[in-house]
Amino acid sequence: LEKVFMEAPAGVVVFSGPDFVFDLVNPTYQSFFPDRQLAGKPLLEALPELQGHPLLDGFRRTYTTGETYYGKEVYTQLARTPGEPLDESYWNFIGQARYDGQHQINGLLMFGFEVTEQVLLRKKVEESEQRLNLAVENVESGVYDTDLKTGKSIRSLRHAHIFGYGDNQGDWSLEQMQQHILPEDLNSTQKAYFKGLETGDINLKFRIRRLDGKTRWINILGKVNYNAQNEPVRIVGTTTDITDKVTLQRQKDEFISTVSHELKTPVTSIKAYGQLLKQSLQKAGDTRNNGFLTRMEVQIDRLVTLIRNLLEITRIEGGKLKLYSEQLRLDTFVLEIISELQLVTPGHQLIIKENEVPFILADPTRLSQVITNLITNAVKYSPKANVVEISVKKIDSMMVCSVRDFGIGIDQKEQLQIFERFHQAHKNPDAGLSLGLGLYIAKEIVEEAGGKIWLESEMGRGSTFYFSLPLNVIPEYNILDPIT
Ligand code: ADP
């Protein structure tokens, strides 16, 4: 038995008597304290730093009751060699009563394993987990992870707070979230949600009624994961309360709207008086001043366009861009637009390459606005070229119109942002009156009508802008199944 004790890979100690005198110390145990004298000494004399340590209470209980003592990851501060500073360590202990011939307890058998490394490693992991949690909780956004098979979500505390729940967040599911969405936002949110499931990117903006009754704007972003059958199975992402941002945006839009409305009336009357003045100068034969007035008129017209565009974006932002549709004789419609534009762009020849779509169901004013915008841009951004090519074709059930120029082109990076409002890809030579709104408006119109707009371009070689529109139907969006 002694041999087993002596060779055991664990620390084994036999204590005798109520003061726990080290009777037998195996080499493994001794190796924990290389230079300390243990054998023959009472525990507290050999290792006085254990004074008051809970381990001793455990040992004493075993000594009086005979119950085995189990100490798990017991924290101790010990000097490994005499006089050294105390060393922090963790131990697992088993203490068993030792009996004499009369079945009286006369000592203890102790097995000890040092587990310092494992404990420290685990603490490190826990710490970094805590740090991560802290980071997750302290950012403005909440985080969620939704299993689409069950509809159930795991969410961060912040996420729960955004919906008005306290720290006791409870379970969460798509269904529960849906109950918070304002009824008037439900349909559009579902539409955007199903679109996101197809594209892989969720981006939803809607209003919720929080648990405390407050209405807030929410933005949910997420990435969709798919299984081998390409079915969406999981969404992970963030939820942010964007109420302040939306309010600010609305104030800005209101400001733009007010200013442009206020500008409209004086500019219109300046234009009218200019025309009157021009007529009387013409009568008087004053060609010099008449020339000045013509230039003034050009500038006024640009100002009018600018104001119109500003009003347009406030309409778009307010969701008031309403299209109506009528049966159009498209080929002649395109011809008319182009011959009108040709009059004001003498430096470029507008060439119709193809004009193959006889009819379309569309909003004539808006359609003309989009085509005009693309052609004016093509002319504006190809000062050294002299042609612009236009083509209208039928591809499947869509009409695709393209406008090609041989101008300065747009680099790859800019191409991604060019349809954003107020975005300009170039330092505009006559930037005075262009605001980077034309393409944004065109995109809104085209998309509202169920089409797409895109471009191909190479720096220095020119650009081709395309847009498509459904030929027959202005689609009413399908009423999609409710989110389950
Ligand atoms: P604006 O022309 O008033 O600045 P747009 O929204 O029509 O606004 O266009 C945005 C930007 O896209 C322009 O500022 C210009 O940099 C770029 N762009 C548009 N059309 C073309 C084109 N055909 N060729 C090169 N760049 C273009």
Side-chain angles (χ1 to χ4, degrees), residues 252-253 256 259-260 263 267 298-317 321 334 337-338 340-342 344-353 365-392 400-449 451-468:
K252 267 199 288 193
D253 287 344
I256 294 178
V259 170
S260 35
L263 283 173
V267 170
V298 172
Q299 297 303 326
I300 292 171
D301 281 341
R302 294 174 66 180
L303 205 54
V304 170
T305 314
L306 184 79
I307 293 167
R308 199 183 298 135
N309 279 347
L310 282 174
L311 281 172
E312 199 93 293
I313 66 160
T314 61
R315 233 173 261 143
I316 292 171
E317 297 300 321
L321 180 74
V334 170
I337 297 173
I338 289 171
E340 256 175 55
L341 281 172
Q342 185 64 80
V344 290
T345 54
H348 289 72
Q349 200 190 346
L350 308 182
I351 301 172
I352 303 181
K353 283 287 209 191
T365 322
R366 297 308 192 173
L367 180 56
S368 144
Q369 193 179 349
V370 175
I371 298 175
T372 306
N373 183 276
L374 295 184
I375 295 178
T376 348
N377 276 351
V379 171
K380 186 157 81 173
Y381 298 104
S382 65
K384 295 202 180 107
N386 52 19
V387 288
V388 169
E389 295 174 354
I390 298 109
S391 125
V392 180
V400 176
C401 171
S402 65
V403 176
R404 178 175 186 197
D405 68 61
F406 301 88
I408 57 179
I410 304 156
D411 76 29
Q412 212 68 32
K413 207 173 108 244
E414 291 290 346
Q415 289 181 24
L416 300 172
Q417 296 167 302
I418 205 155
F419 295 103
E420 287 169 17
R421 66 185 207 168
F422 298 118
H423 190 86
Q424 295 186 307
H426 310 94
K427 285 238 171 320
N428 219 318
D430 64 355
L433 285 172
S434 61
L435 275 183
L437 289 177
L439 287 179
Y440 168 72
I441 294 168
K443 176 170 181 273
E444 292 296 321
I445 292 173
V446 168
E447 289 184 354
E448 181 71 23
K452 285 204 169 71
I453 188 164
W454 69 100
L455 77 147
E456 287 162 6
S457 183
E458 210 181 311
M459 284 300 277
R461 309 286 301 257
S463 316
T464 310
F465 281 81
Y466 301 85
F467 73 93
S468 65

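Just so you know, ligand 1 is whichever comes first in the structure, and atom 1 is the first atom listed for that ligand. The residues of the chain are indexed from 1 along the displayed sequence.
Within ligand 1, the atoms closer than 4.0 Å to a non-hydrogen atom of Phe465 are 20 (N), 21 (C), 22 (C), 23 (N), numbered from 1 in the order shown. Within ligand 1, the atoms closer than 4.0 Å to a non-hydrogen atom of Leu437 are 6 (O), 8 (O), numbered from 1 in the order shown. Applying the 4.0 Å criterion to heavy atoms of His423 picks out, from ligand 1, the atoms 10 (C), 11 (C). Every atom of ligand 1 is numbered from 1 in the order shown, and the set under 4.0 Å from a heavy atom of Lys380 is 1 (P), 2 (O), 3 (O).
Geometrically, ligand 1 and Asp405 share a nitrogen or oxygen pair separated by less than 3.5 Å. The shortest N or O to N or O distance between Ile418 and ligand 1 is not below 3.5 Å. Residue-to-ligand polar distances keep Ile408 apart from ligand 1: every N/O pair is separated by 3.5 Å or more.
Residue nearest to atom 19 (C) of ligand 1, selected from Asn309, Thr376, Asn377, Val379: Asn377 (by heavy-atom distance). Among Tyr381, Phe422, Phe419, the residue whose heavy atom lies nearest to atom 13 (C) of ligand 1 is Tyr381.
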task: For Ile313 and Ile441, run side chain to side chain contact (heavy atoms under 4.5 Å, CB included): C-alpha distance rounded to whole Å, both residues' side-chain angles, the deciding distance at 0.1 Å, then the answer.
output: CA-CA 7 Å; Ile313 66 160; Ile441 294 168; 4.0 Å; yes

- request: Kindly determine whether Ile445 and Leu367 satisfy side chain to side chain contact (heavy atoms under 4.5 Å, CB included), including the steps that lead there.
  value: CA-CA 8 Å; Ile445 292 173; Leu367 180 56; over 6 Å; no

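Between the side chain of Gln342 and the backbone N or O of Thr345 there is at least one donor-acceptor pair closer than 3.5 Å.
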Scan the side chains in residues 382-390 for donor-acceptor partners under 3.5 Å anywhere in the protein, sequence neighbours excluded, and list what turns up.
residue : atom : partner : partner atom : Å
Ser382  : OG   : His348  : NE2          : 3.1
Ser382  : OG   : Ala378  : O            : 2.7

Without placing hydrogens or testing angles, list every side-chain donor-acceptor pair under 3.5 Å for residues 460-467, not counting sequence neighbours.
residue : atom : partner : partner atom : Å
Ser463  : OG   : Ser457  : OG           : 2.9
Tyr466  : OH   : Glu456  : OE1          : 3.1

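Using a 4.0 Å cutoff on heavy atoms, Gly436 counts as a contact of ligand 1.
Looking at heavy atoms from C-beta onward, Gln369 lies in side-chain contact with Glu312 at the 4.5 angstrom threshold. A 4.5 Å side-chain heavy-atom check between Lys443 and Glu420 finds every atom pair outside the cut-off.
The residues Glu444 and Arg421 are annotated as not salt-bridged, no charged nitrogen and carboxylate oxygen being separated by less than 4.0 angstrom.
Contact annotation for Leu439 and ligand 1: heavy atoms of both the backbone and the side chain come within less than 4.0 Å of the ligand.
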